[in-house]
Amino acid sequence: MTENSTATVWHEVASPFCGIASDDLTIEVNGNNVKVLENGDAVTRPGFETPISDIQPRINGKEVTLEQAVSHIAELLINSKQPLIAGLGTDLNGARAAMALADKTGATIDSYYSPAAFRNILVLQDTGYMTTTLTEVRNRVDVLLVVGTDIESTFPRFFERMVWNKESMFGQEIESREIIYLGKKPSGDASTSPNGKKAQVIACDNVDLPEVVSVLRALLKGKQIQAETVAGLAVSELQALAEKLKAAKYSVVTWSAGQLDFDHAEATIQNVCEMIKEINATTRSNGLPLGGKEGDTTVNAVASWQSGYPMRTTFNRRFPDYDPFLNDGRRILADGESDVVIWVSSFNTAVTPPESSASTIVLGRSGMQFKSEPEVYIPVGVPGIDHEGRTFRTDSVVSVPLRKLRDSGLPSVFEVLSAVEQAL
Amino acid sequence: MLLKLTGGRIFDPAHDLNDVVRDIYIRDGRIVDKPADGRIDEEIDVRGKVIMAGAIDMHTHIGGGKVNIARTMLPEDHAQAVYERTELLRSGTGHAAPSTLTTGYRYAEMGYTAGFEPAVLPINARQAHMEMHDTPIIDKGGYVMLGSDDFLLRMMAANSDQEAINNYVAWTINHAQAVGLKVVNPGGISAFKFNQRKLDLDEKNEFYGVTPRDILHRLSRAVQEIGVPHPLHVHGCNLGVPGNMQTTLDTIQGAEGVPMHLTHIQFHSYGTEGDFKFSSGAAEIAEAINKHKNITVDVGQILFGQTVTASGDNMRQFAGAPHAHPNKWVCMDIECEAGCGVVPFKYKDQSYVNALQWMIGLETFLMVDDPWRIFLTTDHPNGAPFTSYPHLIKLLMDKSFRNDMLSTLHPEAQKATHLASLDREYSLYEIAIMTRAGAAKLVGLADRGHLGIGAAADITVYTDNSDREKMFEKPDYVFKDGQMVVRNGQVIKITWGTTHVVKPEYDVSIEKPLQQYFDKFHTLKMSNFKISNDEIIDDGRGSLTIQPLHKGGRL
Ligand SMILES: [Zn+2]
């Protein structure tokens, strides 16, 4: 405990702010002030420590009670021809309430993180994949191939927790692990081994990855490549990489779809995934898609089990209707196809709704700043700080309990959306 | 509020009531004695109707990671089965892998009041419970999976004593909130991570030096010794491999009298005879089951059409992936604990292999004598979606229907079976045993699956109909905990069912090595692994029902 008698210290706290959901944080709470004492990083510190500012709901900029805000939202939904529930930065129960409300009001649902998430989901729905999870990586990886991603910029503790751990369960010499970047160079030294061995970098631009990955896959399949270079890389360098993957006992190929921000990146991810399947003809290899922060994995999981489909599903015909292109929330707002948008962002003050012609309702983290004031704004609690919750990790296998660390009185997304559903 | 069901024909095998006319009285969700003062608040005339307890599906993949992968993966399959929202019901989709709400409604409409998820990975148990929490009306529960988890394999490699293993099993059942223990391809999922592609009963996991036989021995003993009523639930070695009947026979022999449940036995009853090197081992397997009273099985019947196979057995799923239809599939290694594989599949009646699988399942049903030791499953969705149960019941109860179906299948397969010569037709009483009394006894549900005084009033009322498919797909009434939830095959009320668990005792000293293991090797803390009772109760809709342990359970 700390000197301050009013402060509480929490141990083994899980972070919903990063897709690897580290759950070893030590956090001190003093009133409404939160401080990460141990195991914080550039993502989790602001995640936990962003202070509460506004606590009062507003309608058109005027402070109102929560009840008034809720009945105003209900009124907007009753008169809406096509509502959209978007953003969806929320936890398990927030996602459940959003699904129930979407079903009842005929709304379309989509997440702020869908453009990245769908680069993987489209692959799942077309050809599938072989993947692994974080604890397997921690204990088994011998070759880690990083495709087009600067891991540490968005997953600062990935290497510390999953690669440069002290000991592996199977007696592997940790120092012998090989890290290879294909595409982007790492921005820092997180991938450097404890003894100072730097990662190998086979650098190319992201836009060249489709071609480079195709060649790598062809080489792994034993095909002859006529060209000597591809996108400025020597084919021999890719051939050497192919040999390493074939020789590895448990290679892991990782990417963050959020960083593969080029047209039809899903086709390249698909090529990577098919390549992994092919490597498994003789040895073991697995994909590890990195993503899933701030409820991204959670909302897709809940939508799938409640409706059969992930995000980008509409209920406007009274049944779940999935279309990954037509039901893209950004497109719907840009094309003026929705008249009311409920924007949910309970983790991140920077994730604000895009400008649109729709009446905008925001269930946002306290402290959110807007270019133009939404019609309704309700500051909501953060799952894992202001109320209990559960969130899924990037692998969509492990979910972690989130704890209530302080008593701010801010309502949860579940409470607000359930109240709206009741008021309809 | 006292409800009387008057004059029904009772089929209650737990009380030896076979087609006996009796009145049933219900109060506060329970079946009660006739009230002394004779006061009845409501009476329903069920004269001539067939009355059974609510049906229990003791093996159905309704919740958890691999089911949800299957859902997300198959939008084209859902698009052919969409369910509109009504005033009462949420919308949903799904044929092979239905959404949770749809799953609950469809089960209830068929007179089922409980379903048990048989492959709950400890690390994914939280998700399995979330999904089951969103499955309305029916009760649920899960069998937690061990056997390829590194903690157990390390214990076994280090020759830990049985008591330590018992402690670990009991600890896992408690903190995953499970009602039983499952093992899938014992040690094989781990072996696959070391690039082993098959693992026979006596073959060693190359890292640990442990065999599937050792694992089965340790885990089945643990379950028995800690007093968990449901015997070790075994998905054996070599699933789907021609010739695997020998492995299955060896597994039965190797159980050495300890209770063991062999699941989806159909997939483990294959011989290698004939031109196709694929033949039925059902007769030999059934004979072994008949002889070994410690063995129970469910069938995992296949039925023709599109479905999806979802299994923890990624070693075998990877081997089966080239047969994926449509051509997409997922295999995962999971958390030094387990794995999963999801492979869509279409069973074709003009395929020799698929036709023979259909026959092997039915032969098994018909050749196992004791309906208390065999259970009606399709291993939903692996053999077929659970919605095909009424059709399957008709196949069992109606020989001429069965033989008509048989005559349309792959001609070579027809020559390879004695099915047409099997005259047995299941009776209503036997169906009630398999799907109610026997299932409740097997899972260890003290107050379900029967119609005795004090039982939960989970009751299904059918109109007798010689077309058994019609009869079983549309009950007149279904009561869940005393409330009428279905009338004329339609859901009329939404309730949320309970989660059945067992809480075997364990010595807390097991947490010392576990804590070290989690801290050293895992990416989750032990404290965050544990699922609290509050998580099951969740938003208030959920509840926990702790089922009694067997006497003689010790620790
Ligand atoms: Zn199964």
Side-chain angles (χ1 to χ4, degrees), chain A residues 12 14 20 22-24 92-93 96 100 103-104 121 124-136 138-140 161-162 166-170 249-250 277 280 283-284 286 300-302 304-310 315 317-322 390 392 395-401 414, chain B residues 63 65 67-69 71-75 78-79 82-85 90-94 97-102 121 123-124 126-127 130-131 134 150 154 192-195 207 318 321 324 327-337 342 520-525 527-528 531-532 535 538-539:
Chain A
E12 302 191 350
I20 65 175
S22 304
D23 70 337
D24 59 350
L92 167 69
N93 282 343
R96 282 170 164 162
D103 195 8
K104 189 153 187 171
I121 291 169
L124 169 64
Q125 294 178 337
D126 194 39
T127 44
Y129 41 58
M130 292 183 79
T131 57
T132 190
T133 65
L134 300 176
T135 300
E136 297 286 2
R138 184 178 162 106
N139 290 288
R140 291 181 192 273
R161 282 175 64 78
M162 259 60 76
K166 289 212 170 56
E167 174 177 5
S168 126
M169 211 179 323
F170 309 108
K249 288 201 161 70
Y250 200 94
K277 287 181 183 174
N280 276 280
T283 183
R284 294 305 320 275
N286 277 301
N300 278 297
V302 175
S304 280
W305 79 61
Q306 287 205 356
S307 74
Y309 303 123
F315 295 86
R317 293 197 288 171
R318 300 179 65 83
F319 55 81
D321 208 346
Y322 168 68
R390 277 157 286 176
F392 281 79
D395 47 39
S396 201
V397 169
V398 180
S399 52
V400 293
F414 173 78
Chain B
V67 187
N68 219 31
I69 291 169
R71 292 188 188 102
T72 314
M73 192 186 207
L74 296 169
H78 305 329
V82 293
Y83 302 100
E84 274 192 35
R85 179 190 178 79
R90 293 273 301 271
S91 67
T93 62
S99 52
T100 54
L101 296 135
T102 300
L121 319 186
I123 199 72
N124 187 246
R126 182 166 278 121
Q127 180 181 359
M130 290 171 190
E131 293 184 28
D134 285 353
D150 287 292
R154 286 160 66 88
F192 185 49
K193 295 171 190 174
F194 295 106
N195 204 29
F207 183 81
F318 179 77
N327 185 14
K328 51 181 169 182
W329 51 274
V330 166
C331 278
M332 284 185 81
D333 292 343
I334 296 176
E335 290 298 274
C336 292
E337 190 183 87
V342 181
K520 234 184 198 173
F521 301 123
H522 234 284
T523 52
L524 188 74
K525 292 288 181 189
S527 63
N528 290 321
I531 301 169
S532 69
E535 284 191 58
D538 206 327
D539 54 7

> What part of Y322(A) is in contact with chain B, defined as an atom under 4.5 angstrom from a non-hydrogen atom: side chain, backbone, both or neither?
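The side chain, not the backbone.
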> For each of F392(A), W305(A), F315(A), Y309(A), tally heavy-atom pairs with chain B at distances under 4.5 Å, and name the one with the top tally.
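If we count pairs closer than 4.5 Å to chain B, W305(A) comes out on top.
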> Answer yes or no: is there a side-chain heavy-atom contact under 4.5 Å between R126(B) and P401(A)?
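Answer yes - side chains close enough.
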> Starting from the C-alpha separation in whole Å, work towards a yes-or-no answer on side-chain hydrogen bond (donor to acceptor under 3.5 Å, both in side chains) for E12(A) and S527(B).
CA-CA 8 Å; E12(A) 302 191 350; S527(B) 63; 2.4 Å; yes
> So, the side chain of R318(A) versus the backbone of E84(B): is there a donor-acceptor pair under 3.5 Å, distance only?
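No; zero donor-acceptor contacts below 3.5 Å.
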> Between A79(B) and chain A, which part of the residue has a heavy atom less than 4.5 Å away: side chain, backbone, both or neither?
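Contact with chain A involves both backbone and side-chain atoms of A79(B).
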> Do K328(B) side-chain atoms and Q125(A) backbone N/O form a donor-acceptor pair below 3.5 Å?
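Checked: pair present.
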> Under 4.5 Å from any heavy atom of chain B, what part of S396(A) do you find: side chain, backbone, both or neither?
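Looking at S396(A), just its backbone touches chain B.
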> Relative to chain B, which segment of L134(A) carries a heavy atom at a distance below 4.5 Å: side chain, backbone, both, or neither?
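Both backbone and side chain.
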> Taking R71(B)'s backbone N and O only, do any of them form a donor-acceptor pair with S304(A)'s side chain (distance below 3.5 Å, no angle check)?
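The answer is no, because no donor-acceptor pair under 3.5 Å joins these two groups.
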> Could you check whether R284(A) makes a cation-pi contact with F194(B), meaning its NZ or CZ is under 6.0 Å from the centre of the six-membered ring and within 45° of the ring axis?
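Output no; distance or angle outside limits.
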> Are W329(B) and T127(A) close enough that some pair of their side-chain heavy atoms sits under 4.5 Å apart?
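A side-chain contact is absent here, since even the closest heavy-atom pair is not under 4.5 Å.
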> Would you tell me whether D538(B) and N93(A) have side-chain atoms, one donor and one acceptor, within less than 3.5 Å of each other?
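Yes.
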> Would you say the side chain of K520(B) lies within less than 4.5 Å of the side chain of M169(A), judging by non-hydrogen atoms?
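SC-SC contact between M169(A) and K520(B) ruled out.
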> Any non-hydrogen side-chain atom of M130(A) less than 4.5 Å from a side-chain atom of M332(B)?
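Not touching, per the 4.5 Å side-chain cut-off.
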> Do you see a donor-acceptor pair shorter than 3.5 Å between the side chains of T133(A) and E335(B)?
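Yes.
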> Can you confirm whether the side chains of S99(B) and Q306(A) place a donor and an acceptor under 3.5 Å from each other?
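Their side chains do not contain a donor-acceptor pair, so the 3.5 Å distance test is not met.
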> Between D333(B) and Y250(A), does a side-chain hydrogen bond (donor to acceptor under 3.5 Å, both in side chains) hold up when you go through it step by step?
CA-CA 11 Å; D333(B) 292 343; Y250(A) 200 94; 2.6 Å; yes
> Under a 4.5 Å heavy-atom cut-off, does chain A meet the side chain of E337(B), its backbone, both or neither?
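Only the backbone of E337(B) comes within 4.5 Å of chain A.
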> What part of N327(B) is in contact with chain A, defined as an atom under 4.5 angstrom from a non-hydrogen atom: side chain, backbone, both or neither?
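Interface part for N327(B): backbone (N, CA, C, O).
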> Between the main-chain N or O of R90(B) and the side-chain N or O of D103(A), is there a donor-acceptor pair closer than 3.5 Å?
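No, because the side chain of D103(A) does not come within donor-acceptor range (under 3.5 Å) of the backbone of R90(B).
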> Are any of the side-chain nitrogens in D23(A) or K525(B) under 4.0 Å away from the carboxylate oxygens of its partner?
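No, D23(A) and K525(B) are not salt-bridged.
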> May I ask you to check whether F319(A) and Y83(B) place their ring centers less than 6.0 Å from one another?
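No - the distance between ring centres of F319(A) and Y83(B) does not fall below the 6.0 Å cut-off.
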> So do R390(A) and E535(B) actually touch side chain to side chain, heavy atoms under 4.5 Å?
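Touching, per the 4.5 Å side-chain cut-off.
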> Answer yes or no: is there a side-chain heavy-atom contact under 4.5 Å between K249(A) and N195(B)?
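Counting from C-beta outward, K249(A) and N195(B) never come under 4.5 Å.
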> Answer whether the closest heavy-atom distance between the side chains of T72(B) and N300(A) falls below 4.5 Å.
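Sidechains of N300(A) and T72(B): no contact.
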> Report yes if the side chains of L524(B) and T135(A) come closer than 4.5 Å at any heavy-atom pair, otherwise no.
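In short, these two side chains do not touch, never coming nearer than 4.5 Å.
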